[in-house]
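For reference, the structure is listed below as structure tokens.
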Amino acid sequence: MRDTFYVTTPIYYVNGAPHIGHAYTTVVADALRRFHSLRGRRARFLTGTDEHGLKIEREAAARGMKPLDFATENADRFRALWPLLGVAPDDFIRTTEARHIAGVQKWWQTCAARGDIYLGRYKGLYCVACEGYKTEKELLDGGLCPVHERPVETLEEETYFFRLSKYQDALLKLFRETSFIQPETRRNEMIAFVEQGLEDLSISRTSFEWGIKVPGDPRHVVYVWFDALFNYRTALEADPALEAFWPPTVQLVAKDIVRFHTVYWPAFLMSAGLPLPETVFSHGYLLSAGRKTSKTPGQGGPAAVSYTTNPAKLVGALGADVLRYYLLRDVVFGNDSEFQVPNVIARARAELAETVGNLLNRTLPFVTRVFDGRVPSVDAALCGEREAELVAHGAKVAVDSGALWETFAHHRAIELCLELARLGNQYFDTQAPWKLAKSEADRARLGTVIAHVLAVVRTVATMLAPVIPVKAAAMLGQLGLQLEAREGHDAWPAALTFVPADTVIAPGEPVFLKYDAKTEAELLAALKADAPAVATPAAPEAPKVDAPVAEIAFDDFAKVDLRLGTVLSAEKVPKKDMLLKLSVDLGEAAGPRTIVSGIALAYKPEALVGKQVVVVANLAPRDFGKGLVSHGMLLACGPKESLGVATFDRAFAPGTRVK
Ligand code: MSP
């Protein structure tokens, strides 16, 4: 396995708003990126928008808009959706950006110099929704496109051709001898397709304007698929350091565009002399009442769907992690799957709240009450068969689920995590810690049991981090832990991983919503397709955006001395509900500083000890009276009851300048 990982999604057409199908592919890509980062690999994830072509030109005209304005409006809707879903791409490319246009023209010239592009004439049946020609054989009765079930149009034009036929044998060899196409069913389909014989491909258009000009012949625009496919490459070309990511490790697509990615794309790359992607993985469709969910008008059929499939609305009601969990856990990757809102809630209730969350919630009170808020240690002499079984099962799950993620079977990897959490709950039930807690004589045994259960929670939360990043971090936070993803460090558990004895836990509100019958009914009502957008119990607070502050020169910014500090101790300030008094090491010879911070409603003092925070180090001291003086300020954001302090995703020496 390479130590770099590069995952891509298709770049989405901007003729409408994003829907749950787009969200699906993109969430999977994000989870894969997070998994591989956790393994310590240099990981990169690209998504973006496909903005040229007849389809966009026509839609924009129908709205009386310039194509670029129309494209920008919709590209922004895609870009804005990803953070709502907890999706964090490393780059978002638009095919109308200069970096992409220049790249496509360069690769066109490279293929032309190889003798693979020539001028000719083409007459064919064109599906505007696919942006592709169809053969008579492929059409459904009535001359309809087999993908979109809409009429095709006859186009005749002078066109540049790409010598696709020249690559037929090389493609067959690629398909047969490597795992370039996954899963197997798609590979067999593509072998059969190429075996029928490949004709050269028309890769320019003169019938419309909205595209990249063919170098040296501005009457032609580059065929939108030649243009779009190269995005995966052009997105890396501005920065030489990104070359290490080429070729892509895995390119995710649904079956509608497998042919473009597994026949045309590798042929273009062979011609361009570029190494080929390791795998193109074709997943199934998310279906809504049996039909592919889609934004193409007229495709969704009659309103048989009673629940919304609008991703923003789903996230607003359920939270991003619940939706992500369903998409990654319920849908067998590679198969079609019916998207059903009641099932999203059922899984969240039974698996997240009642299995994983419950294990955490029922265990922490013992740590608080019996062990003074510190994780107890394991007494090896008191470990028996049940503990051995738990440890062995934990190790097996850690190894097996890691392997399943590596082979695109994340739905099965998640199932194994669930199994481990169920075993943890059974262990809890059979060991009955509430009975052990009654007698001081059983204290060591109780500590051993609790330590084992916490190990299950830690291991499961770590393995679920790619799926439910916010909730996993919250669970680990309650265990007094932070997830550390950094290059070169494999943070995926190799075994059942214990929480170090004496770690100070930080119990808080339950991490998962408790789904009682009333909450569930309210959620379902809010998610009815025709329901107005209402706030529900799980809805995240509407973000309040602070007013912008006047621009400053860099020199002004540089006057602020931001430093990394390690919190050595923290305590409440008597009679001041909001304030904590911290001792923070800034690596200074004079010793740690006292900093008073208004974060007491959001943090228990113990939860801050050991944390690395960002400190404004040259702020004038502030006198809080009674001899309490603050020498600096912590950076934080959010409402006062739930704010977060700024910290880094890896450790640095105290005193390191933040700039
Ligand atoms: N612009 C092209 C892709 C160019 S890539 C160089 C395109 N765009 S699209 O907006 O139609 O997006 C298609 C992709 O969106 C699918 O391949 C799939 O990844 C995702 N999905 C769209 N609808 C989907 C479902 N109903 N179910 C699952 N995935 C879906 O094609």
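Counting starts at 1 for both ligands and their atoms, in listed order.
In this comparison of Thr8, Ile11, Ile56, the heavy atom closest to atom 2 (C) of ligand 1 sits on Ile11. Distances from atom 5 (S) of ligand 1 to the heavy atoms of Tyr24, Tyr232, Phe230 show the closest one on Tyr232. Counting only non-hydrogen atoms, the option in Thr25, Leu229, Leu287 that gets closest to atom 19 (O) of ligand 1 is Thr25.
When heavy-atom distances to ligand 1 are checked against a 4.0 Å cut-off, Asp256 comes that close only through its side chain, counted from C-beta outward.
Of all atoms in ligand 1, numbered sequentially from 1 with element shown, those under 4.0 Å from a heavy atom of Asp50 are 1 (N), 2 (C), 4 (C). Taking every heavy atom of His261 and a limit of under 4.0 angstrom, the matching atoms of ligand 1 come to 5 (S), 6 (C). Taking every heavy atom of His22 and a limit of under 4.0 angstrom, the matching atoms of ligand 1 come to 10 (O), 12 (O), 15 (O). Ligand 1 places these atoms under 4.0 Å from at least one heavy atom of Gly284: 28 (C). Within ligand 1, the atoms closer than 4.0 Å to a non-hydrogen atom of Ala228 are 6 (C), numbered from 1 in the order shown.
Heavy atoms of Lys255 stay at 4.0 angstrom or farther from ligand 1. Taking a 4.0 Å cut-off on heavy atoms, His283 registers as neighbouring ligand 1.
Checking only distances, Leu286 does come within under 3.5 Å of ligand 1, N or O to N or O. Considering backbone and side-chain atoms together, Pro10 places no N or O closer than 3.5 Å to any N or O of ligand 1. The distance criterion of under 3.5 Å between nitrogen or oxygen atoms is met by Tyr13 with respect to ligand 1. Ligand 1 has no N or O atom lying under 3.5 Å from any N or O atom of Trp225, backbone or side chain.
Looking at heavy atoms from C-beta onward, Val322 lies in side-chain contact with Tyr515 at the 4.5 angstrom threshold.
Of all non-hydrogen atoms in Ser401 and Leu416, the two that sit nearest each other are N-CD1, 3.8 Å. Looking at every heavy atom in both residues, Ser282 comes nearest to Val258 through OG-CG2, 3.2 Å.
At a threshold of 4.0 Å, the pair Arg187-Glu184 counts as salt-bridged, since one of the basic side-chain nitrogens sits closer than that to a carboxylate oxygen.
Test Trp265, Phe268, Phe245 against Tyr232 for ring-ring contact (aromatic ring centres under 6.0 Å, His included) and you get one pass: Trp265. Of the candidates Arg99, Lys106, His100, Thr234 forms a side chain to side chain donor-acceptor pair (under 3.5 Å) with just one, namely His100.
The cationic group of Lys55 lies under 6.0 Å from the six-membered ring centre of Tyr13 and within 45° of the ring axis, placing it in a cation-pi geometry. Geometric assessment of Arg44 against the ring of Tyr6 yields a negative cation-pi assignment under the 6.0 Å and 45° thresholds.
Side-chain contact, His220 with Glu158: a donor N or O sits under 3.5 Å from an acceptor N or O. Between the side chains of Thr49 and Glu51, at least one donor N or O lies within less than 3.5 Å of an accepting N or O.
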